[in-house]
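Here is how names work: the chains are called A, B, and so on, in the same order as the sequence lines, proteins then strands, and each is numbered from 1.
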Amino acid sequence: MNWPATEAHLVSSQRNLARARPPQWTPEGQYLVGGAWICFPRGLSGKGSAGDRAWAAAVVMDRGGVVGRCLVPGQASAPYVPGLLALRLGPLLADVVRRLAPQPDVLLLDGTGRDHPRRAGLALQLGAVLELPTVGVTHRPLTASGDWPADVLGAASPLFIGPDQVATWLRTKQGTHPLVVHPGWRTDLASAVAVATRSLAGHRTPEPLRRARQAARLLREP
DNA sequence: GCGACAG
DNA sequence: ATCTTGTCGC
């Protein structure tokens with residue numbers, strides 16, 4: 001699948017992805033977890049615009065630590081618009097992950113999955129384009145709603161759109177705001193939470209995402 | 001009509 | 001995303 005480069009194309013693709021039922025990937029035994037992150041210039045405010053400078057980083061980890069990393073300076077391809085995040089970040093994210101070696105078995109990124117106006121957020125789009133299972137992790141839901149879980153490490157609670165659970169609040173660290181874990185491409189609620197949980201290393205943010213963010217920021221400020 | 005709205 | 005100081009805690 002190619003990257004949808006226009007709003008009309010992306011929206012059309014999202015409608016198809018929402019109905020797609022790719023074979024599910026299940027975390028079993030040893031698997032490599034990747035994390036991808038894009039950072040922007042300090043001081044950038046508002047929605048931004050196409051051409052904004054951006055720095056992308058991707059890392060891949062096994063249970064011992066980072067086994068691969070890739071850094072790519074680039075630019076945003078569109079302004080930020082809720083529901084169309086893929087238009088802004090997709091091309092650069094896909095680029096940095098494609099160059100990552102070894103390739104991960106599952107990829108973590110900042111974006112939603114089914115929690116989306118058309119039920120196909122960036123995690124689904126990127127996974128479909130890269131043909132890689134994905135799990136989304138965000139600070140807050142886009143469209144879904146649900147009560148917070150107890151302040152206990154590992155506590156989870158459902159996030160719904162109407163009657164459908166589309167994501168899970170997960171307390172990734174006691175005493176901190178919970179994160180939203182989104183099943184993405186080829187993953188379901190249980191797998192997404194399992195991957196996110198296993199990727200924790202004592203911090204609120206799953207380690208592959210933390211490391212990717214650190215790397216992207218270092219690239220930004222030499 | 002108004003506000004909210006992943007990063 | 002990024003802007004921001006101090007502050008509480010390990």
Side-chain angles (χ1 to χ4, degrees), chain A residues 3-4 7 10-11 13-14 17-18 35-58 72-97 107-128 134-146 151 153 159-161 166-170 172-185 187 192 196 201-206 208-210 212-221:
Chain A
W3 197 271
E7 176 174 342
L10 177 63
V11 167
S13 180
Q14 288 172 340
L17 288 176
W37 189 278
I38 290 179
C39 71
F40 287 94
R42 301 177 59 110
L44 208 177
S45 65
K47 296 177 182 298
S49 54
D52 288 338
R53 290 244 283 158
W55 294 268
V72 176
Q75 52 189 244
S77 37
Y80 167 69
V81 176
L84 302 176
L85 183 59
L87 229 42
R88 177 165 175 77
L89 304 182
L92 183 53
L93 269 181
D95 187 25
V96 72
V97 176
L107 179 75
L108 295 170
L109 68 141
D110 277 41
T112 69
R114 303 333 300 199
D115 173 14
H116 182 275
R118 287 168 294 280
R119 306 293 186 102
L122 179 57
L124 276 157
Q125 194 78 46
L126 187 66
T134 57
V135 171
V137 176
T138 62
H139 292 312
R140 58 176 195 252
L142 175 57
T143 292
S145 58
D151 188 9
L153 176 61
L159 277 152
F160 298 96
I161 295 179
V166 295
T168 303
W169 278 119
L170 181 66
T172 54
K173 183 177 184 180
Q174 190 177 117
T176 68
H177 193 124
L179 292 178
V180 184
V181 177
H182 306 261
W185 186 244
T187 56
H203 299 278
R204 181 165 87 113
T205 307
L209 287 176
R210 281 189 70 239
R213 179 175 57 194
Q214 291 176 343
R217 287 181 169 172
L218 283 175
L219 181 64
R220 180 182 63 184
E221 2 228 4

Looking across every strand, which nucleic acid part, if any, lies under 4.0 Å from Leu89(A) by heavy atom: base, sugar-phosphate, or nothing? nothing
Look at all strands and tell whether Thr112(A) reaches a base, only sugar-phosphate, or nothing, counting heavy atoms closer than 4.0 Å. base
Assign Gly48(A) to base, sugar-phosphate, or nothing according to its heavy-atom contacts below 4.0 angstrom with the strands shown. nothing
Among dT2(C), dG7(B), dA6(B), which nucleotide sits nearest the side chain of Arg140(A)? dA6(B)
Looking across every strand, which nucleic acid part, if any, lies under 4.0 Å from Arg220(A) by heavy atom: base, sugar-phosphate, or nothing? sugar-phosphate
Nearest atoms (heavy-atom pairs only) where Pro73(A) meets Leu219(A): N-CD2, 4.0 Å
Might you confirm whether atom CD of Gln214(A) has over 12 heavy atoms from other residues, nucleotides or ligands at distances under 6.0 Å? yes
Rounded to whole angstroms, how far apart are CZ on Arg213(A) and P on dT2(C)? 8 Å
Base, sugar-phosphate or nothing for Trp55(A)? Non-hydrogen atoms, less than 4.0 Å. nothing
Check whether the aromatic ring of Tyr80(A) stacks on the base of dA1(C), taking stacking as ring centres less than 5.5 Å apart and planes within 30° of each other. no
Quick note, Cys39(A) side chain, CB onward, closest among dT2(C), dC5(B), dG7(B) is dT2(C)
Pick base, sugar-phosphate or nothing for His139(A), based on heavy-atom distances below 4.0 Å to the nucleic acid. sugar-phosphate
Specify the separation, in whole Å, of atom CD1 of Ile38(A) and atom P of dA6(B). 17 Å
Contact class for Gly43(A) (heavy atom, under 4.0 Å): base, sugar-phosphate, or nothing? sugar-phosphate
Check every strand shown and say whether Gly90(A) touches a base, only sugar-phosphate, or nothing at a heavy-atom separation below 4.0 Å. nothing
Under 4.0 Å between any heavy atoms, over every strand shown, what does Pro41(A) touch: base, sugar-phosphate, or nothing? Just pick one. sugar-phosphate
Between Arg217(A) and dT2(C), is there a side-chain N or O to OP1/OP2 distance below 4.0 Å? yes
Which part of the nucleic acid does Leu84(A) contact within heavy-atom distance under 4.0 Å: base, sugar-phosphate only, or nothing? base
With a 4.5 Å heavy-atom cut-off, do Asp52(A) and Gln75(A) have their side chains touching? no
